[in-house]
Undergrad: 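Sharing a structure here in structure tokens format.
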Amino acid sequence: MTKCPECDAEIDLDEDEVEEGEIVGCPECDVELEVTQTHPVHLIVISEDEEEEEEDEDDGAKDDDDEEEPENDEEEDE
Ligand SMILES: [Zn+2]
């Protein structure tokens with residue numbers, strides 16, 4: 001029996017069913033836990049990294065995708 005390091009809830013993990021590095025979720029507090037050890041199972045809380053990385057996005061540049069399809073009605077004028 002493993003305990004959630006976050007909320008201390010008991011997590012029923014079979015050490016034969018998890019692998020080191022596996023990510024499991026706590027059913028009680030919904031935190032993500034990483035298995036760092038399997039005999040016995042040891043879990044650490046994965047701290048949620050707040051994404052502060054600014055992505056290179058062209059802000060303000062709306063992608064106006066109004067390419068007009070070239071009308072393809074050539075009149076066969078023979
Ligand atoms: Zn928990």
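Basis for what follows: all heavy atoms, side chains included, without hydrogens, waters or symmetry-related copies.
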Undergrad: If I take atom CD from residue Glu6 and atom CD from residue Glu32, how far apart are they, to the nearest 0.5 angstrom?
TA: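 Output value for this atom pair is 12.0 Å.
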Undergrad: Which value, rounded to the nearest 0.5 Å, describes the distance between Lys3 atom NZ and Asp8 atom CG?
TA: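 With rounding to 0.5 Å, NZ (Lys3) is 4.5 Å from CG (Asp8).
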Undergrad: Among residues at least two apart in sequence or on other chains, which ones pass side chain to side chain contact (heavy atoms under 4.5 Å, CB included) with Pro5?
TA: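 In terms of side chain to side chain contact (heavy atoms under 4.5 Å, CB included), with neighbours along the sequence ignored, Pro5 is linked to Leu33, Leu43, Val45.
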Undergrad: Looking at OG1 of Thr2 and CG of Leu13, how far apart are the two atoms once the value is rounded to the nearest 0.5 Å?
TA: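 Result: 5.0 Å between the selected atoms.
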Undergrad: Would you please name every residue forming a side chain to side chain contact (heavy atoms under 4.5 Å, CB included) with Asp16, sequence neighbours left out?
TA: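 By the side chain to side chain contact (heavy atoms under 4.5 Å, CB included) rule, Asp16 matches Asp14, His39.
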Undergrad: Side chains of residues 18-26: which donor-acceptor partners sit under 3.5 Å, not counting sequence neighbours?
TA:
from  : atom 1 : to    : atom 2 : distance (Å)
Glu22 : OE1    : Glu19 : N      : 3.0

Undergrad: Ignoring hydrogens, what is the shortest heavy-atom contact between Glu28 and Ala9? Give both atom names and the distance.
TA: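 Glu28 and Ala9 have their closest heavy atoms at CG-CB, 3.1 Å.
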Undergrad: Is any side-chain heavy atom of Val31 closer than 4.5 Å to a side-chain heavy atom of Cys4?
TA: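 Of all side-chain heavy-atom pairs linking Cys4 with Val31, at least one is under 4.5 Å.
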